[in-house]
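Letters go in sequence order (proteins before strands), and every chain restarts at 1. This one's a predicted model, so the numbers in the text were calculated from it and none came from an experiment.
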Number of protein chains: 2
Amino acid sequence: MASISVNDVAAAAGVSVGTVSNVLNRPEKVSPGTVARVQAAIADLGFVRNDAARQLRAGRSRSLGLIVLDVANPFFTDVARGAEDRATEEGLAVLLGNTDDSLAREAAYLDLFEEQRVHGVLISPLGDVGDRLTRLRARGTPTVLVDRQTEDRSFSSVAVDDVAGGRLAAHHLVSIGKTRIAFVGGPISIRQVVDRLEGAREAVAKHPSVSLEVIETDALSVLAGRAAGELVLERAPGDRPDAIFAANDLLAIGVLQALNMRGELHVPRDIALIGYDDIAFAAAAVVPLSSIRQPSVLIGYTAVDLLLREAEVGDTFEPEHIVFQPELVVRESTGA
Amino acid sequence: MASISVNDVAAAAGVSVGTVSNVLNRPEKVSPGTVARVQAAIADLGFVRNDAARQLRAGRSRSLGLIVLDVANPFFTDVARGAEDRATEEGLAVLLGNTDDSLAREAAYLDLFEEQRVHGVLISPLGDVGDRLTRLRARGTPTVLVDRQTEDRSFSSVAVDDVAGGRLAAHHLVSIGKTRIAFVGGPISIRQVVDRLEGAREAVAKHPSVSLEVIETDALSVLAGRAAGELVLERAPGDRPDAIFAANDLLAIGVLQALNMRGELHVPRDIALIGYDDIAFAAAAVVPLSSIRQPSVLIGYTAVDLLLREAEVGDTFEPEHIVFQPELVVRESTGA
DNA sequence: TAGCCGAAATGAAACGATTCATTCAGGCAT
DNA sequence: ATGCCTGAATGAATCGTTTCATTTCGGCTA
């Protein structure tokens, strides 16, 4: 029960606590014989470093926080994996926080991470977190925005050009002859949604004969997509769109499930469908899903990389903004 | 830069550090006026508790570790979500560790969690972790096995009866008239895989005319499934199985992708296919996937619940073993 | 007015690892 | 034999919070 401390190890090995610490952290500074003796004592007593004490002294922890909008979205688990890969290389652990579109949870996680004095924070922000992030930075905790840029550009970011992605998607739908496009996505408070819509608008604007309507959803989930799909189904056939651009693949899969439910509609003939993110399951959907691919793992990896660089240079850092380009992936749902 | 401590707050509010701590933790013990003064100082200085110091004093941290086999598997993100839900109710955070079928990573995460003095550990074990878990328990850190029971039953666990699930799946395939069943899964060092196969064997044993072969994979991923599917495709038509039971849905989706690639095979007519886990994407697959459903979110929730109970009673605890029953979900891939 | 009580506030000790200025011992040159 | 140098080891101070035995003080009773 009573925890074994460096003191116990020192006593057992017949050395001072300072030496034990040196064996732990700078073994080359200690004579080989002593190292062996101390290590034997450590193994003997089953000593395990208390990270809290170490952190207290060091002033910061050895983990970094990642706050995402939705862990159930494979896009974010891919980002998380990339982040974990880079973090592990540096001996850091990743704390994963899930906001689930809740401002309260986002704030709670940021507070938690601040109390933990994490090494850095990666966040795909939902609300306005400028104040909290500024405070974190003042404390010396670097922050990188994931999948989004802030307006003031004072924080580093790794993002994908969502406007370009929206443009790609809508342009593709137009190019296969669709004229009544519906954009399914929401809530519109989420930046990614707004940008993708904006891109679609730009692409459609070039073609006067093509219309674009917006069907807003309250989340970016399969369930919300199904609800949107049902809404479309309820309409008179002539009133339905002939193409749907969903703000992400989860929504698209939901829409697809709803459209297929009655069996009277054919995708892509009656309604073409394109999603966003190109998650692994998109290719395996009922009707393999066209999508806009983002380099998700790379995004996570790069974000941590930026974070580490920022932590290294300290005060003198210049925010960096890395923007990846999205890519169109055509499959059956738009008639590949 | 210099971090604000309780000392600074105390000085600013004209009280002692003890009082500041009381305001933070037991405001009812402090007179209203003082509480207000201290809180004003806290807000003023932007003081944020240092969790490391708090933990050091408390002896344990306020987070708990969850080690899963694969975060990219929606089954585990569901478990994680359930765990997070219960943990949040208790003001605890969840540290998510991903082993990715690597023994080294599993060990590394356990070490990390031990150094962090986490409140408890949930683990879906890969290798033999008995020693490490025993040590953790000796230190007073409760452990709950997720989705698996140990042989010695000395650790609490929350699991689903995988043998029953395997039986369900195989029995279903037999009942729709299939006679040459292939089990796709691996590595066979993973308990869940072994159990599901065992269940299938039991079900098949009752029908002398039905054969069961095993196609071992090196992972439980979409990619591994695709490889297995290609293996089947390469065979002469008469030599192929007429039904495939995949050890999880990711594998099943991979198999499905491979089988559909050439377009010469029809699922379920030529080959029926059933997966395991019933992840959200199973219903949306090219051919909607039959599967064995597990109460994933509930598993995570219950596991944390068990953990908390164990932490409360301390030394006198009795390991509990909760076993949920799986459920057959029939869809088109087995001819619904 | 002395004595007592309880609520409120105090502040030193403790948690455990790390750091760094200091001490120690042995070897080498003078 | 003396002084100097270097590599090795020491141990007190430190990080920031919490705890708890002790002190303070205003009010109340006898």
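Listed by chain and residue number, B/Q149 satisfy the side chain to side chain contact (heavy atoms under 4.5 Å, CB included) test with B/A159 (two or more places apart in sequence, or in another chain).
C/dT10 atom P lies 8 Å from atom CZ of B/R37, rounded to whole Å. Between the CD atom of B/Q116 and the P atom of C/dA17 there is a distance of 14 Å, rounded to whole Å. For A/Q55 and D/dC15, the CD to C1' distance is 12 Å, given to the nearest whole Å. Across the protein-nucleic acid pair, B/R139 atom CZ and C/dG16 atom C1' stand 12 Å apart, rounded to whole Å. Look at CD1 on A/I42: it is 16 Å from P on C/dG16, rounded to the nearest Å. Remark: P of D/dT14 and CG of A/L56 are 14 Å apart, rounded to the nearest angstrom.
Along DNA chain C, the nucleotide nearest to B/T19 and the one nearest to A/A52 differ in position, and the one closer to the 5' end is contacted by B/T19.
Under 3.5 Å, the side chains of A/E310 and A/S156 contain a donor-acceptor pair of N or O atoms.
If you check every strand for non-hydrogen atoms under 4.0 Å, A/S31 touches sugar and phosphate atoms only.
In this structure, B/E28 places its CD atom where more than 12 heavy-atom neighbours from other residues, nucleotides or ligands lie under 6.0 Å away.
Both tests hold for B/R137 against B/F155: distance to the six-membered ring centre under 6.0 Å, angle to the ring axis within 45°.
To the nearest 0.5 angstrom, B/R86 atom CZ is 11.0 Å from B/L306 atom CG.
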Using a 4.0 Å heavy-atom cut-off to protein, can you give one letter per nucleotide of nucleotides 17-23 of chain D, 5' to 3': B if the base is in contact, S if only the sugar-phosphate is, - if neither? BBB----
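For the pair A/R62 and B/E115, the minimum side-chain heavy-atom distance is below 4.5 Å.
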